[in-house]
Participant: 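Take this structure first; my questions come after.
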Amino acid sequence: MSGSSNVGMHVDHAQNEDPQALAEFEAHVAAGGIIEPDDWMPEVYRKGMLRMAEHHANSEIIGALPEGEWITRAPSLRRKLALTAKVQDEVGHGQMLYRVSQDLGKSRDQMLRDLITGKTKYHNVFNYPAPTWGDIAMIQWLVDGAAIMNQKTLADGAYGPYVRTMRRINMEEAFHFKSGEDMVLTLMSGTKRQKQLCQDAFDRWWYPSLMFHGPPDKPNAESLPPMRWRMKTETNDSLRQRFVNRFAPAALDLGLKIHVVTKNDDGLVLTKTPDEKLRCNDDGNWEFTEPDWEEFYRVIRGGGPCNQKRLALRRFSYEQGRWVRNAVLKGSTALPPAA
Ligand code: FAQ
């Protein structure tokens with residue numbers, strides 16, 4: 001995994017840029033202006049936007065894998081159709097985001113190769129297992145819920161192609177979220193066994209979903225390029241707080257309990273105790289026990305329960321698709337490898 005952060009660089013890293021062009025760029029962005037691919041931009045901005053869009057694209061195509069595993073096992077035809085459509089949507093989001101990234105200067109093939117060799121990252125949540133149908137409900141409710149919350153704020157960003165893509169993706173994510181809400185509601189209105197299945201899945205997904213918004217804020221987060229140049233418009237902690245304010249009461253209303261958990265190396269829950277910190281303050285903000293940030297860093301650096309499995313499948317798919325790429329891009333007439 002890449003250890004360098006372009007987007008996290010301080011604005012001083014733009015010191016080699018033309019000061020006049022930089023001042024005009026900053027004024028334009030601060031006034032709510034939009035940047036298009038052919039406009040002048042500091043190199044730190046271009047690299048930061050590329051890193052963000054590429055990370056996002058990677059997350060969409062890897063994110064399709066845990067749900068894709070459940071298409072053949074969906075509990076009804078209606079659920080199977082909805083899940084198939086959702087998985088197609090997520091892969092489509094990946095396509096759109098790879099296009100945005102290509103315009104920022106990196107070839108699609110290089111991005112796919114960097115993903116399968118572990119040079120670039122994707123979202124933490126997709127490195128956890130989905131052992132039951134309850135996990136699919138939680139991915140669509142909690143993970144898509146977190147994604148919409150984040151992406152609505154990204155749609156207020158400054159980079160035109162990314163902003164327009166967010167608007168389109170958000171409409172589809174809203175549908176995924178509704179479907180997830182319906183799945184959770186159905187399980188929590190069902191038998192004792194269905195309720196337990198749902199609770200067990202909630203225990204597995206609550207903390208990864210809190211980590212979704214990224215690590216705790218750096219002290220000067222708002223003056224660093226990601227926010228100063230409107231690559232992102234809210235801090236990680238403020239999005240996490242908003243997520244808990246929305247989902248903690250919703251979970252409790254549904255009859256779910258919020259636990260602090262420990263997990264084994266396979267991502268399955270070993271112990272759970274009620275979150276003693278959980279309460280709603282007078283200002284409407286919920287207090288909660290913070291995620292285990294050591295686990296977060298371990299997972300995003302490749303040490304999560306499913307990192308190897310997810311990347312192995314992407315590598316397989318990259319190899320299997322080689323003859324198609326050669327046919328389309330190089331006019332090759334070679335047939336696919338024998339099964
Ligand atoms: N997972 O200083 P920050 C979806 C890394 S799509 C992994 O806060 P920044 C739809 C970060 O890259 C979800 N790594 O960084 C779906 C940085 O690494 P570095 C994808 C993470 O950029 C649903 C380091 O930690 N959405 O869910 C994560 O200012 C269901 C320090 O972090 C996007 O990608 C994480 N959660 O903020 C699909 C949205 N968080 O540079 C299928 C666009 C942080 O040290 C099924 N991206 N890191 O190597 C963003 O909003 C931002 O880039 C953040 C990170 C918030 C991810």
Side-chain angles (χ1 to χ4, degrees), residues 63-90 123-150 172-212 240 242-264 266-275 278 280 286 288-289 291 304-306:
L65 301 181
E67 288 177 291
E69 285 173 4
W70 272 93
I71 290 176
T72 53
R73 292 178 283 168
S76 69
L77 181 60
R78 192 168 69 92
R79 295 290 190 213
K80 191 191 290 279
L81 286 172
L83 185 59
T84 308
K86 179 187 192 286
V87 168
Q88 269 178 337
D89 285 351
E90 305 298 4
H123 249 54
N124 68 307
V125 277
F126 304 119
N127 292 308
Y128 290 91
T132 72
W133 181 251
D135 295 78
I136 301 307
M138 286 305 155
I139 292 175
Q140 297 197 16
W141 189 48
L142 293 179
V143 174
D144 281 290
I148 295 177
M149 217 165 243
N150 179 25
E172 293 180 353
E173 293 293 5
F175 180 73
H176 302 162
F177 172 71
K178 278 279 158 212
S179 162
E181 203 172 40
D182 183 62
M183 284 155 75
V184 173
L185 200 59
T186 303
L187 288 172
M188 289 307 289
S189 320
T191 62
K192 203 174 156 196
R193 206 163 146 220
Q194 284 173 309
K195 286 180 188 163
Q196 191 58 51
L197 180 102
C198 199
Q199 176 68 56
D200 290 346
F202 182 80
D203 289 333
R204 284 189 285 277
W205 287 93
W206 176 246
Y207 278 106
S209 304
L210 295 192
M211 294 172 191
F212 181 98
R240 189 169 12 262
R242 200 186 302 170
F243 178 84
V244 177
N245 291 352
R246 164 73 177 79
F247 284 91
L252 298 175
D253 281 352
L254 282 166
L256 289 161
K257 296 186 179 64
I258 299 181
H259 293 123
V260 177
V261 299
T262 60
K263 291 180 180 173
N264 66 13
D266 295 328
L268 303 177
V269 172
L270 280 176
T271 64
K272 56 181 177 182
T273 49
D275 182 355
L278 198 74
C280 184
W286 282 71
F288 57 97
T289 298
C306 296

Participant: Check the pair Arg240, Met149 against side-chain contact (heavy atoms from CB on, under 4.5 Å), reporting the backbone distance first and the verdict last.
Facilitator: CA-CA 9 Å; Arg240 189 169 12 262; Met149 217 165 243; over 6 Å; no

Participant: Give me the atom names and distance for the closest heavy-atom approach of Gln140 to Gly180.
Facilitator: CB-CA, 3.4 Å

Participant: Could you tell me the separation between the CG atom of Leu187 and the CG atom of Leu256, rounded to the nearest 0.5 Å?
Facilitator: 9.5 Å

Participant: Got a second to check how far Ile71's CD1 is from Glu69's CD, nearest 0.5 Å?
Facilitator: 10.5 Å

Participant: Taking all non-hydrogen atoms of both residues into account, name the closest pair between Ala64 and Glu90 and its distance.
Facilitator: CB-CB, 4.4 Å

Participant: Using the test side chain to side chain contact (heavy atoms under 4.5 Å, CB included), find all partners of Gln88 that sit at least two apart in sequence or belong to another chain.
Facilitator: none

Participant: Describe, in one word, how the ring planes of Tyr128 and Trp205 are oriented to each other, choosing from parallel (under 30°), tilted (30 to 60°) and perpendicular (over 60°).
Facilitator: perpendicular

Participant: Any donor-acceptor pair under 3.5 Å linking the side chain of Gln199 with the backbone of Lys257?
Facilitator: yes

Participant: Just by modelled atom types, is the Thr289 backbone N or O under 3.5 Å from a matching donor or acceptor in the Asp275 side chain?
Facilitator: yes

Participant: Tell me, please, which residues at least two apart from Asp144 pass side-chain hydrogen bond (donor to acceptor under 3.5 Å, both in side chains).
Facilitator: Lys86

Participant: Search all heavy atoms of Ser209 against all heavy atoms of Val143 and return the closest pair with its distance.
Facilitator: OG-CG2, 4.2 Å

Participant: So does Leu268 get a backbone contact from the side chain of Asp266, meaning a donor-acceptor N/O pair under 3.5 Å?
Facilitator: no

Participant: State the CZ-NE2 distance between Phe212 and His123, to the nearest 0.5 angstrom.
Facilitator: 3.5 Å

Participant: Could you tell me whether a side-chain N or O of Asp135 sits under 3.5 Å from a main-chain N or O of Thr132, the two making a donor and an acceptor?
Facilitator: yes

Participant: Dump the intermediate steps for side-chain contact (heavy atoms from CB on, under 4.5 Å) on Leu210 and Phe288, then the final yes or no.
Facilitator: CA-CA 10 Å; Leu210 295 192; Phe288 57 97; 3.9 Å; yes

Participant: CZ/Phe175 to CG/Asp89 distance, rounded to the nearest 0.5 angstrom?
Facilitator: 8.5 Å

Participant: Does any N or O in the side chain of Trp70 come within less than 3.5 Å of the main-chain N or O of Leu83, such that one atom is a donor and the other an acceptor?
Facilitator: no

Participant: Once salt bridge (Lys or Arg N to Asp or Glu O under 4.0 Å) is applied, do any residues pair with Arg246, and if so which ones, sequence neighbours excluded?
Facilitator: Glu181

Participant: Please name the pair of heavy atoms, one in Phe177 and one in Gly145, separated by the smallest distance, quoted to 0.1 Å.
Facilitator: CD1-CA, 3.8 Å

Participant: Does the side chain of Val125 reach to within under 4.5 Å of the side chain of Leu142, using non-hydrogen atoms?
Facilitator: no

Participant: Answer yes if the ring centres of Trp206 and Phe247 are under 6.0 angstrom apart, and no otherwise.
Facilitator: no

Participant: For Thr191, is there any backbone N or O sitting under 3.5 Å from a side-chain donor or acceptor partner on Gln194?
Facilitator: yes

Participant: Ignoring hydrogens, what is the shortest heavy-atom contact between Val87 and Glu67? Give both atom names and the distance.
Facilitator: CG2-CB, 3.9 Å

Participant: What residues, two or more places apart in sequence or in another chain, satisfy side-chain hydrogen bond (donor to acceptor under 3.5 Å, both in side chains) together with Gln196?
Facilitator: Asp200

Participant: For Lys272, give me all partners under side-chain hydrogen bond (donor to acceptor under 3.5 Å, both in side chains), at least two apart in sequence or on another chain.
Facilitator: Asp203

Participant: What's the spacing between Met211 CE and Asn124 CG if we round to 0.5 Å?
Facilitator: 7.0 Å

Participant: Can you tell if the side chain of Lys263 reaches within under 4.5 Å of the side chain of Pro208, non-hydrogen atoms only?
Facilitator: yes

Participant: If every non-hydrogen atom of Pro66 is compared with every non-hydrogen atom of Ala130, which pair is closest and at what distance?
Facilitator: CB-CB, 4.4 Å

Participant: What is the distance from atom SG of Cys198 to atom CE of Met188, rounded to the nearest 0.5 Å?
Facilitator: 5.5 Å

Participant: Under the rule for side-chain hydrogen bond (donor to acceptor under 3.5 Å, both in side chains), what residues qualify as partners of Arg79, not counting sequence neighbours?
Facilitator: Asp182, Thr186

Participant: Would you mind reporting whether Arg204 and Pro131 have side-chain heavy atoms less than 4.5 Å apart?
Facilitator: yes

